[in-house]
Engineer: 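Submitted below is the structure of interest, expressed as structure tokens.
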Amino acid sequence: MILRRRPEIERFLKAPGAEFRAALFYGPDLGVARERAAQLAGAVTARPDDPFDSALLTDADLDAQPARLEEELAAFSMLGGRRLIRVRLSGGVKADRTVTEALAAHLEGRLNPEAFLLVEAGDLGRDSALRRAGEKADACAVVPCYEDEAGDVARFTREALAAERLGLTGEALDLFVSRLPHERGVARQEIERLILFLGPGTGVTADADLLSDFLGVEPEASLAETASDAFGGRLGATQAGLRRAGREGQGGAAAVRALTGHLGRLRRIAVAQTAGAPLAEAVKAAKVFWKAEREVTRQCRAWTLAELDQTQPELLAADLACKQAGAPDELIAERLALTIAGRARRLGL
């Protein structure tokens, strides 16, 4: 059974029903998989780290003792209740086959029905036997784990800060999210670092100026500004920004997301203008960072709603292309950004 939507995933992580005997978390973002698996482990058993209630196996364990996984799944908890068996795979073919066979046996009821098998894997393809076995079984939840969208990053940033009585203004949150790494585990570390910088429990709500002191990164290094350069018709700055981002570890997919986010903001402003809002008010309503208001206003005078809607399918196509295995995502993003910059120049920017 595949779980894709965030609400159903969150419901499952909080309270996996007794009908579930296994879960498989896979995908390119190991940080998301690890975080979700840890949350589920705490819901399956109150003592996820207790060796009497759980076991943790890796590829090396399974390669050395292939029968150990079924032995762990057949064992009962010494203290009663559900027994948790966690497996972390890193791509070994032999271990993948061992887990697939054990999963099938467990779902057929040949092992301890009170045991719960929790598997964390990498980016499994559609031809993965393990993935197919989980997807076709009602008693196994299969959860794909991809990079977070900007809205998800903003949400868990707000939640983490609120838990420490801290906050960010709208402009500061947009800036922070645009600079965060897109791997969940690394992003969490950056949020923890921000909490320490602001002071846990101090009640501080940081604005963009204070946040800039924390980030310590030149503004032109931001992909958000690179996207603005593209829609502003600055060909040289766009190309330089993309290549700088690549050296800093931001791939083409992140650049396409930044371009999509900037187009979405311009489109919201254009829609508001169509509804009769003055340009200055529409820019304010779109929560544009105050230092960028003049540039965004300049772009809005050139980019019409019709022209933005004609560009949007190209962004979607590039986003899908970047997600294909082996795709030259940096080249795809650069070609897209330079196409947009050239179009902006023809619009008079």
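Worth knowing before you read on, the calculation uses all heavy atoms, side chains too, and leaves out hydrogens, waters and symmetry mates. Note that the structure is predicted; figures quoted are calculated from it, not measured.
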Engineer: Check this for me: does any side-chain nitrogen of one of Glu293 and Lys284 sit under 4.0 Å from a carboxylate oxygen of the other?
Structural biologist: yes

Engineer: Got a second to check how far Asp319's CG is from Arg257's CZ, nearest 0.5 Å?
Structural biologist: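 Here the interatomic distance stands at 8.0 Å.
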
Engineer: I need the minimum non-hydrogen distance between Gly252 and Ala333, along with the two atoms involved.
Structural biologist: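 Minimum heavy-atom separation between Gly252 and Ala333: O-CB, 3.5 Å.
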
Engineer: Going through the distances and angles, do Thr304 and Leu347 end up as a side-chain contact (heavy atoms from CB on, under 4.5 Å)?
Structural biologist: CA-CA 10 Å; Thr304 66; Leu347 293 172; over 6 Å; no

Engineer: Tell me, do Arg34 and Arg88 make a side-chain contact under 4.5 Å, heavy atoms counted?
Structural biologist: yes

Engineer: Can you tell me how far the CZ atom of Arg21 sits from the CD atom of Glu108, to the nearest 0.5 Å?
Structural biologist: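 Here the rounded value is 10.0 Å.
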
Engineer: Taking a hydrophobic cluster as the set of Ile, Leu, Val, Met, Phe, Trp and Tyr residues connected by side-chain heavy atoms closer than 4.5 Å, whether directly or through intermediates, do Leu223 and Val256 fall within one such cluster?
Structural biologist: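 No, Leu223 and Val256 fall in different hydrophobic clusters.
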
Engineer: Would you say the side chain of Leu211 lies within less than 4.5 Å of the side chain of Leu194, judging by non-hydrogen atoms?
Structural biologist: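 Yes. Closest side-chain heavy atoms under 4.5 Å.
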
Engineer: Could you please spell out the steps behind the side-chain contact (heavy atoms from CB on, under 4.5 Å) verdict for Phe197 and Leu210?
Structural biologist: CA-CA 10 Å; Phe197 174 79; Leu210 178 57; 4.1 Å; yes

Engineer: Glu70 versus His106: any side-chain heavy-atom pair under 4.5 Å?
Structural biologist: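 They are not in side-chain contact.
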
Engineer: For the pair Glu295 (side chain) and Ala292 (backbone), establish whether a donor and an acceptor sit closer than 3.5 Å, ignoring hydrogens and angles.
Structural biologist: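 It does not hold such a pair.
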
Engineer: Applying side-chain contact (heavy atoms from CB on, under 4.5 Å) to Leu349 and Phe231, what does each step give before you reach the verdict?
Structural biologist: CA-CA 8 Å; Leu349 290 166; Phe231 279 91; over 6 Å; no

Engineer: With hydrophobic residues grouped by side-chain heavy-atom distances under 4.5 Å, do Leu103 and Val142 end up in a single group?
Structural biologist: yes

Engineer: Scan Thr297, Leu305, Val283, Thr274 and name whichever one has a side-chain contact (heavy atoms from CB on, under 4.5 Å) with Ile269.
Structural biologist: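 Among the candidates, only Val283 passes.
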
Engineer: Which pair of heavy atoms, one from Thr98 and one from Pro66, lies closest together, and at what distance?
Structural biologist: CG2-O, 3.4 Å

Engineer: Which value, rounded to the nearest 0.5 Å, describes the distance between Leu263 atom CG and Trp303 atom CH2?
Structural biologist: 7.5 Å

Engineer: Are Leu266 and Cys300 packed together at the side-chain level, in the sense that at least one heavy-atom pair is separated by less than 4.5 angstrom?
Structural biologist: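 Yes; the side chains approach each other to less than 4.5 Å.
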
Engineer: Check the surroundings of atom CZ in Arg132: do more than 12 heavy atoms from other residues, nucleotides or ligands lie under 6.0 Å from it?
Structural biologist: yes

Engineer: Taking all heavy atoms of Ala208 and all of Thr169, pick out the closest pair and write down the distance.
Structural biologist: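 Where Ala208 meets Thr169 most closely, the heavy atoms are N-OG1, 4.1 Å.
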
Engineer: Hey, does Leu124 have a side-chain heavy atom less than 4.5 Å from the side chain of Leu24?
Structural biologist: yes

Engineer: Output, in order, the C-alpha distance, side-chain angles, deciding distance and verdict of salt bridge (charged side-chain N to carboxylate O under 4.0 Å, His left out) for Glu307 and Arg346.
Structural biologist: CA-CA 12 Å; Glu307 286 154 348; Arg346 289 193 295 273; over 6 Å; no

Engineer: In Å, rounded to the nearest 0.5 Å, how long is the span from CG of Leu130 to CD of Glu135?
Structural biologist: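 Leu130 CG to Glu135 CD: 9.5 Å, rounded to 0.5 Å.
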
Engineer: Might you work through the side-chain contact (heavy atoms from CB on, under 4.5 Å) test for Leu242 and Glu330, ending with a clear yes or no?
Structural biologist: CA-CA 8 Å; Leu242 287 171; Glu330 291 186 5; over 6 Å; no

Engineer: To check you understand the geometry: which heavy-atom pair defines the closest contact between Ala230 and Ala344, and what is its length?
Structural biologist: O-CB, 3.8 Å

Engineer: Can you check whether Asp174 reaches Arg265 side chain to side chain, under 4.5 Å on heavy atoms?
Structural biologist: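 Yes; the side chains approach each other to less than 4.5 Å.
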
Engineer: Under the 3.5 angstrom rule, does the side chain of Arg298 hit a backbone N or O of Gly232 as a donor-acceptor pair?
Structural biologist: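 Flag set: sc Arg298 to bb Gly232 pair under 3.5 Å.
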
Engineer: Is it the case that one hydrophobic cluster holds both Phe156 and Ile9, taking links as side-chain heavy atoms less than 4.5 Å apart, direct or via other members?
Structural biologist: no

Engineer: Is it true that the side chains of Thr226 and Asp229 contain a donor and an acceptor less than 3.5 Å apart?
Structural biologist: no

Engineer: Do Phe25 and Leu69 sit in the same hydrophobic cluster, where Ile, Leu, Val, Met, Phe, Trp and Tyr count as joined when their side-chain heavy atoms come under 4.5 Å apart?
Structural biologist: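 Result: no, two separate clusters.
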
Engineer: Report yes if the side chains of Gln299 and Ser228 come closer than 4.5 Å at any heavy-atom pair, otherwise no.
Structural biologist: yes

Engineer: What is the distance from atom CZ of Arg82 to atom CZ of Arg47, rounded to the nearest 0.5 Å?
Structural biologist: 14.0 Å

Engineer: Applying side-chain contact (heavy atoms from CB on, under 4.5 Å), can you list everything that pairs with Leu338, at least two apart in sequence or on another chain?
Structural biologist: Leu235, Thr238, Gln239, Glu334

Engineer: Determine whether Gln312 and Arg267 make a side-chain contact, defined as any pair of heavy atoms from C-beta on separated by less than 4.5 Å.
Structural biologist: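 Heavy-atom side-chain distance check passes, below 4.5 Å.
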
Engineer: Specify the closest pair of heavy atoms between Arg4 and Pro144, including all atoms of both residues, with the distance to one decimal.
Structural biologist: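 Between these two residues, the closest heavy atoms are NH1-CG, 3.8 Å.
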
Engineer: Using the salt bridge (charged side-chain N to carboxylate O under 4.0 Å, His left out) rule, take Glu72 and Arg83 through it: C-alpha gap first, then chi angles, then the decisive distance, then the call.
Structural biologist: CA-CA 9 Å; Glu72 294 286 359; Arg83 177 169 168 77; 2.3 Å; yes

Engineer: Once the angle between the rings of Phe12 and Phe20 is folded into 0 to 90°, is it parallel (under 30°), tilted (30 to 60°) or perpendicular (over 60°)?
Structural biologist: perpendicular

Engineer: Is there a path of hydrophobic side-chain contacts, each under 4.5 Å between heavy atoms, that joins Leu56 and Leu89?
Structural biologist: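 Hydrophobic grouping puts Leu56 apart from Leu89.
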
Engineer: Measure across Gly199 and Leu166 and return the closest heavy-atom pair with its distance rounded to 0.1 Å.
Structural biologist: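 Closest pair (atom of Gly199, atom of Leu166, distance): O-CD2, 3.3 Å.
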
Engineer: With Glu8, which residues qualify under salt bridge (charged side-chain N to carboxylate O under 4.0 Å, His left out), at least two apart?
Structural biologist: none

Engineer: Rounded to the nearest 0.5 Å, what separates atom CG in Leu161 from atom OG1 in Thr205?
Structural biologist: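 Output value for this atom pair is 9.0 Å.
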
Engineer: Evaluate the salt bridge (charged side-chain N to carboxylate O under 4.0 Å, His left out) criterion for residues Arg155 and Glu159: first the C-alpha distance (whole Å), next the side-chain angles of each, then the deciding distance (0.1 Å), finally the verdict.
Structural biologist: CA-CA 6 Å; Arg155 175 181 52 80; Glu159 291 172 351; 3.7 Å; yes

